[in-house]
Amino acid sequence: MSGHTLWAPQPRQKACMRRREYEVLYGGAAGGGKSDYLLMEALRQVTIPHYRALILRKTSPQLRELIDRSRTLYPLAYPGAKFRVSEGVWDFPSGAQVEFGTMQHVDDRVRYQGRRFDFIGFDELTHFTFEEYSYLFSRNRPSGPGTRCYIRATANPGGVGHAWVKERFIDPAPPMTSIAFSSRVTAPNGQVLELTRHRCFVPSTVFDNQILLQNEPQYLASLSMLPRAEREALLYGKWDSFSGQVFTEWVDDPAHYDDRLFTHVIEPFPIPPHWVLYRGFDFGYTRPFSVGWFAADETGKLYQIGEYYGVTGTPNEGVRLAPDEIARRIRRLEEENPILRGRDIVGVADPSIFDESRGESIAVMMARAPHFVLWSRGDNTRLPGKMQLHYRLRFDEAGDCMLQIFSTCRHTIRTLPALVYDTMHPEDVDTDCEDHIYDMIRYVCMENPIAPPAPWGYRRKKRG
């Protein structure tokens, strides 16, 4: 087979293989050669006898296609490589191994506990939660001298991990830009160590995969015929529109239709003193809690004018504040805000905070002096609450809607459009998403239910 090329990276795959960052995300659209890239990247160090690699998919059926493709590529690249079907492991002549695994549930991570992998690859990263992804960092360590340790991933927009993947790789910098992230560690001797690593996003679309377009010329036509949200995501790799998105009505970049402006995100403005104010609350401790302030005008339209989100720098991780401390901070925020100071505010919260089965309820703790943060029981009926958001986000012919968000509510703007449907309950939001702000908004919307608006022929287009 001398002089015969078994596999060669296409230009975008080659660009990704040249990256030296610790984390790299490759893809963004369908047909960009993501799976081949990940499989071949895992072979980079298989000549080192103690090298160990791990390639992950969320579920076993999803993993099967990757394994089938590896059975084509790996024996050609390294004659003598053997696949152990029962364990999902490739053994290479040098002694190196590439293992295929799954992590369908968060608890499945324990199967990798105590193990070490020089290379870890995630195929379709948006199918994983950040908790699952970040845990594997602890497994990414040298199996012996002379190996390079790093993580690679591929993804399309959408899925339960869409929000954190977008926040981690897409939003911080333009594609192909190295993003530095630092951490601080204090050693036992008191020395403070500043640690820095880098990550990068390398985009690819079907247009970067000329081999696919030559072999399957109708594939491009198939993508172009998908519904709008799926077409924008899978054909062009757009992260603001994707399959499985719950609130497809969402517009946070101003869109125009004729002379009318459509957007759900607006700049703050003074709130008239006669408008009714609401405060919504969804409690969390290990997960984030969410507080939001809303103003209702004479028509019943809601404006979210403020937020207080109890999240750490890690996606979907709560700050672990006790209820009385949350109440103290709410009271301080309301006293410092000129819009809220001295105003009557109707508090609406998840009814679970009134539970007294294990002692004093969260609601009682927050109502105690000196904070006096009071709540009424919100309606937690999930599907009607979800429909209320759909109704309020829908635009009418004048370009108006019944819910708009102040641009200062950055966590609402980040998490609400990223919600996806639950695969087991396809009419409901996947609760593995960062859905805490959504829940809080549901309670306020159910306090002010509206009728379904009449449909009309709105077609979004940009003003040139």
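- Residue pairs satisfying the salt bridge (charged side-chain N to carboxylate O under 4.0 Å, His left out) criterion with at least one member in residues 412-423, sequence neighbours excluded, are listed as follows: Glu167-Arg414, Arg414-Glu434.
- Heavy-atom contacts from other residues, nucleotides or ligands closer than 6.0 Å to CZ of Arg141 number more than 12.
- Interatomic distance, CZ of Phe117 versus OG1 of Thr147, reported as 13.0 Å (0.5 Å rounding).
- By the side chain to side chain contact (heavy atoms under 4.5 Å, CB included) test, His105 is found to be paired with Asp108, residues two or more places apart in sequence or in another chain being considered.
- Side-chain atoms of Asn140 never come within 3.5 Å of backbone atoms of Leu136 as a donor-acceptor pair (strictly under, hydrogens ignored).
- Between the side chain of Gln304 and the main chain of Cys409, no donor-acceptor pair closer than 3.5 Å is present.
- The closest side-chain donor-acceptor pair between Asp118 and Ser143 falls under 3.5 angstrom.
- Under a 3.5 Å cut-off, the side chain of His264 and the backbone N or O of Val251 do form a donor-acceptor pair.
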Compile the donor-acceptor pairs under 3.5 Å between side chains in residues 283-293 and protein atoms, sequence neighbours left out, one pair per line.
{"from": "Arg287", "atom 1": "NH1", "to": "Asn316", "atom 2": "O", "distance (Å)": "2.9"}
{"from": "Arg287", "atom 1": "NH2", "to": "Glu131", "atom 2": "OE1", "distance (Å)": "3.3"}
{"from": "Trp293", "atom 1": "NE1", "to": "Glu334", "atom 2": "OE2", "distance (Å)": "2.7"}

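- Residue pairs meeting the ring-ring contact (aromatic ring centres under 6.0 Å, His included) criterion with at least one partner in residues 309-358, sequence neighbours excluded, are Tyr309-His411.
- Side-chain atoms of Arg392 never come within 3.5 Å of backbone atoms of Cys445 as a donor-acceptor pair (strictly under, hydrogens ignored).
- Ion pairing between a basic and an acidic side chain is recognised when a charged N comes within 4.0 Å of a carboxylate O; Arg197 and Glu21 show no such pairing.
- Across Tyr135 and Ser138, no two heavy atoms sit closer than the pair O-OG, 2.7 Å.
- Residues Ile55 and Glu99 have side chains not in contact (no heavy-atom distance under 4.5 Å, counting atoms from C-beta outward).
- Remark: side-chain polar atoms of Ser376 are paired, donor with acceptor, to backbone N or O of Gly347 under 3.5 angstrom.
- Of all heavy-atom pairs between Phe119 and Leu38, the closest is CZ-CD1, 4.2 Å.
- In this structure, Leu393 and Cys401 approach most closely via the heavy-atom pair O-CB, 4.0 Å.
- Counting only N and O atoms by type, the side chains of Thr59 and Gln104 include no donor and acceptor under 3.5 Å apart.
- The 12-atom threshold is not exceeded at CG of Asp344, counting heavy atoms of other residues, nucleotides or ligands nearer than 6.0 Å.
- Between Ser204 and Lys34, the shortest heavy-atom distance links the atoms OG-CG, 4.3 Å.
- Of the possible donor and acceptor atoms, none in the side chain of Thr314 sits under 3.5 Å from a partner among the backbone N and O of Glu317.
- Judged by distance alone, the side chains of Asp282 and Tyr438 never bring a donor and an acceptor atom under 3.5 Å apart.
- Using bins of under 30°, 30° to 60° and over 60° for the plane-to-plane angle, the ring pair His390/Phe247 lands in the tilted bin.
- Side-chain N or O atoms of Arg279 include one that pairs as donor or acceptor with a backbone N or O of Leu374 at under 3.5 Å.
- Surrounding CZ of Arg341 are more than 12 heavy atoms belonging to other residues, nucleotides or ligands, all under 6.0 Å away.
- In this structure, Arg332 does not pair ionically with Glu335, as no charged nitrogen and carboxylate oxygen lie closer than 4.0 Å.
- Salt-bridge formation is detected for the pair Arg168/Glu23: a Lys NZ or Arg NE/NH1/NH2 atom is positioned less than 4.0 Å from an Asp or Glu carboxylate oxygen.
- Using a distance-only test at 3.5 Å, with no hydrogens or angles considered, no donor-acceptor pair links the side chain of Arg377 to the main chain of Val348.
- The closest side-chain donor-acceptor pair between Thr102 and Arg111 falls under 3.5 angstrom.
- Residues Met365 and Glu360 share a closest heavy-atom pair of CE-O, 3.3 Å.
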Please walk me through it: do Val319 and Val311 pass side chain to side chain contact (heavy atoms under 4.5 Å, CB included)? CA-CA 6 Å; Val319 292; Val311 68; 5.6 Å; no

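- Residue Glu132 is tested with Arg139, Arg109, Lys58 for a salt bridge (charged side-chain N to carboxylate O under 4.0 Å, His left out); the sole match is Lys58.
- The closest side-chain donor-acceptor pair between Tyr150 and Glu41 falls under 3.5 angstrom.
- The closest donor-acceptor contact from the side chain of Arg148 to the backbone of Pro142 lies at 3.5 Å or more, if one exists at all.
- Rounding to the nearest 0.5 Å places OG1 of Thr381 at 10.5 Å from OH of Tyr443.
- Sorted by first then second residue, the ring-ring contact (aromatic ring centres under 6.0 Å, His included) pairs that include residues 158-177, not counting sequence neighbours, are Phe130-Trp164, Tyr133-Trp164, His162-Trp239, His162-Phe242.
- Rounded to the nearest 0.5 angstrom, Ile405 CD1 and Ile441 CD1 are separated by 5.0 Å.
- For Phe406 and Phe269, the ring centers sit closer than 6.0 Å to each other.
- Contact annotation: the side chain of Asp430 never approaches that of Tyr421 to less than 4.5 Å [non-hydrogen atoms, C-beta and beyond].
- Asp439 has its side chain out of reach of Asp350: every pair of non-hydrogen atoms, C-beta onward, lies at least 4.5 Å apart.
- For the pair Ile450 and Gln388, the minimum side-chain heavy-atom distance is below 4.5 Å.
- By the 4.0 Å N-to-carboxylate-O rule, Glu447 lies too far from Arg442 to be salt-bridged with it.
- Between Ser178 and Arg20, every side-chain heavy-atom pair lies at or beyond the 4.5 Å cut-off.
- The two residues Pro453 and Arg394 come nearest to each other via the heavy atoms O-NH1, 3.2 Å.
- Side-chain atoms of Gln404 and Lys301 include a donor-acceptor pair closer than 3.5 Å.
- Using a 4.5 Å heavy-atom threshold, the side chains of Leu56 and Asp123 count as separate.
- Of the possible polar contacts, none joining the Ser407 side chain to the Val265 backbone as a donor-acceptor pair under 3.5 Å is found.
- Atom CZ of Arg19 sits about 3.5 Å away from atom SG of Cys200, to the nearest 0.5 Å.
- Note: Arg57 CZ to Leu125 CG = 11.0 Å, rounded to the nearest 0.5 Å.
- Using a 4.5 Å cut-off on side-chain heavy atoms (C-beta onward), Met176 and Val202 make contact.
- Between Leu25 and Thr154, the closest side-chain pair of non-hydrogen atoms is not below 4.5 Å.
- Here Ile345 contributes atom CD1 and Phe294 contributes atom CZ; the two are 12.5 Å apart, rounded to the nearest 0.5 Å.
- Under the rule for a side chain to side chain donor-acceptor pair (under 3.5 Å), Asp432 has no partner lying at least two apart in sequence or in another chain.
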